[in-house]
Amino acid sequence: MKRYVPFRIGNISFLMNYRSIAYVVGLVLLTIILIILSLGIGQLNVAPIEVIRALFDSSTDMNNLVVQSFRMPRVLMALFAGAGLAVSGAILQGMIRNPLASPDIIGITGGAAFATVGFLAFFSDRSNTLTVSIQWLPLASFIGAIVTGFLVYFLAWKNGGIKPMRLVLIGIGVSAAVQAFTTMIMILGPIFTASRANIWITGSVNGANWSEVWTIIPWFFLLMAILFVYVRRLNVQELGEDLAANAGSLIQRDRFMLITLSTSLAGIAVAFAGGIGFVGLMAPHIARRLVGSSFGSLIPVSALVGGCIVIAADLIARTAFAPLEVPVGVLTSAIGAPYFIYLLYKSRNQ
């Protein structure tokens with residue numbers, strides 16, 4: 001018989017069994033190990049003990065500078081971007097009850113990419129310099145993700161509600177449309193726009209700074225706190241529409257809130273780290289194999305798995321091909337695409 005431990009956030013309580021707690025603790029330790037390795041490995045290698053000392057400003061000036069100013073913002077951005085995409089995918093898979101659902105598939109990341117490319121093209125002059133501050137780019141990306149998410153939702157609305165499979169099909173269509181418009185802007189726009197946007201669309205945490213990190217962290221934790229209020233309702237959504245209605249769930253209101261949370265989490269991740277592919281697909285699947293489908297356990301484990309995936313992929317991307325640096329999205333897509341094909345093959349008879 002499984003034993004459970006209650007957790008509370010305000011007046012909201014949920015249960016985690018001891019196995020889930022063990023996995024959370026193990027993943028936290030793995031995350032810490034990956035962070036230390038990523039902070040220490042590079043053109044200047046720093047020993048793990050020196051990394052820890054540098055975090056407390058107790059190492060050499062060079063080590064303190066490299067760890068705190070150059071590598072730490074990048075690693076934290078990878079952690080929170082991966083966690084945001086993973087949780088966004090977990091919400092979609094639970095709500096839609098489709099293991100192939102993710103922010104990439106239903107067009108959320110595509111909408112952010114379209115807004116980014118449009119921003120770079122519209123606000124660039126003939127000399128290929130931006131006429132506004134580049135600091136507005138994350139806001140444009142976030143707005144693109146949000147607008148696309150709500151566009152998919154409202155196009156899927158029919159007869160007083162939305163059906164999960166209709167939402168997926170509409171999302172695939174919208175994703176294809178925004179990708180076509182994005183490509184058209186890149187072709188018609190200046191080379192500067194195309195080259196810069198292409199790196200961003202692929203997904204990269206290179207160039208992350210503390211200002212961006214301190215922007216994404218409070219938004220991430222705020223959205224996660226709201227999400228835990230809806231954990232039980234997300235569990236009910238997985239039962240199917242009829243059973244959820246019989247259980248007293250306000251299905252369409254809950255779906256609207258869950259879509260909003262999923263889109264917002266993906267939006268803040270994509271706004272700062274670009275379109276890192278397949279994390280929202282892979283991480284929830286890995287988490288589900290570890291702790292099952294109860295979202296009280298699945299959400300935090302998905303977040304940790306997603307963060308670990310992006311940190312590890314970024315570490316490999318910037319060290320394995322040195323002195324060249326490969327965008328992190330290239331590695332996640334190289335792993336995620338075969339995994340997606342495997343999922344399609346596995347569910348071929350369903």
Side-chain angles (χ1 to χ4, degrees), residues 74 77-93 96 98-117 138 141-142 144-145 148-149 152 168 171-183 186 194 196-208 216 262-263 265-287 302-303 305-318 320-321 325-344:
R74 178 173 185 153
M77 183 59 68
L79 172 64
F80 285 102
L85 290 170
V87 174
S88 176
I91 296 171
L92 290 175
Q93 290 175 12
I96 297 174
N98 188 322
L100 304 180
S102 73
D104 319 68
I105 303 301
I106 71 167
I108 295 174
T109 55
F114 174 70
T116 299
V117 175
S141 305
F142 180 77
T148 305
V152 171
V168 172
I172 292 172
V174 171
S175 178
V178 295
Q179 285 180 12
F181 285 120
T182 301
T183 303
M186 291 174 67
R196 191 168 192 171
N198 195 46
I199 294 175
W200 186 93
I201 290 171
T202 305
S204 175
V205 291
N206 185 20
I216 193 175
S262 176
T263 303
L265 283 164
I268 61 170
V270 175
F272 292 104
I276 302 176
F278 291 100
V279 176
L281 177 72
M282 292 187 293
H285 276 277
I286 296 172
S302 294
V305 171
C308 287
I309 289 174
V310 179
I311 292 173
D314 181 57
L315 175 60
I316 296 171
R318 67 181 174 82
F321 306 97
E325 184 170 316
V326 178
V328 63
V330 172
L331 282 186
T332 59
S333 297
I335 299 170
Y339 189 72
F340 181 68
I341 295 172
Y342 162 74
L343 290 175
L344 285 173

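As the structure is a prediction and not an experimental result, all values here were calculated from the model.
Of the possible polar contacts, none joining the Ser88 side chain to the Gly84 backbone as a donor-acceptor pair under 3.5 Å is found. Proximity of a side-chain donor or acceptor of Gln93 to a complementary backbone N or O of Ala101 within less than 3.5 Å is detected. Between the Asp314 side chain and the Val328 main chain, no donor and acceptor come within less than 3.5 Å of each other. Side-chain N or O atoms of Ser175 include none that pairs as donor or acceptor with a backbone N or O of Gly171 at under 3.5 Å.
Shortest non-hydrogen contact noted between Gly203 and Ile276 is CA-CG1, 3.8 Å. Of all non-hydrogen atoms in Pro284 and Val279, the two that sit nearest each other are CD-O, 3.8 Å. Here the shortest heavy-atom pairing between Ala86 and Ala283 reads CB-CB, 3.5 Å. Residues Thr116 and Ser141 come closest through the heavy atom pair OG1-OG, 2.6 Å. For the pair Ile309 and Ile286, the tightest heavy-atom approach, listed with the atom from each and the gap, is CD1-CD1, 4.2 Å. What you find for Thr148 and Gly111 is that their closest heavy atoms are OG1-CA, 3.0 Å.
Put simply, the side chain of Asn206 does not reach to within 4.5 Å of the side chain of Pro327, judged on heavy atoms. In this structure the side chain of Leu85 reaches within 4.5 angstrom of the side chain of Val270, judged on heavy atoms. Side-chain contact between Ile311 and Leu315 is absent, with no heavy atoms from C-beta onward closer than 4.5 Å.
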Show me the donor-acceptor pairs, under 3.5 Å and distance only, between side chains in residues 331-338 and residues at least two apart or in other chains.
unit_1: Thr332; atom_1: OG1; unit_2: Gly277; atom_2: O; d: 3.0
unit_1: Thr332; atom_1: OG1; unit_2: Gly329; atom_2: O; d: 3.1
unit_1: Ser333; atom_1: OG; unit_2: Gly329; atom_2: O; d: 2.9

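A distance of 8.5 Å separates CZ of Phe321 from CD1 of Ile316, quoted to the nearest 0.5 Å. Between Ile106 atom CD1 and Thr263 atom OG1 the span is 6.0 Å, to the nearest 0.5 Å. The distance from the OG atom of Ser302 to the CE atom of Met282 is 12.5 Å, given to the nearest 0.5 Å.
No option in Ile91, Leu265, Thr109 other than Thr109 meets the side chain to side chain contact (heavy atoms under 4.5 Å, CB included) test with Pro103.
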Exercise. After noting the C-alpha distance and the side-chain angles of Leu79 and Val310, does the key distance pass the side chain to side chain contact (heavy atoms under 4.5 Å, CB included) rule?
Worked result: CA-CA 7 Å; Leu79 172 64; Val310 179; over 6 Å; no
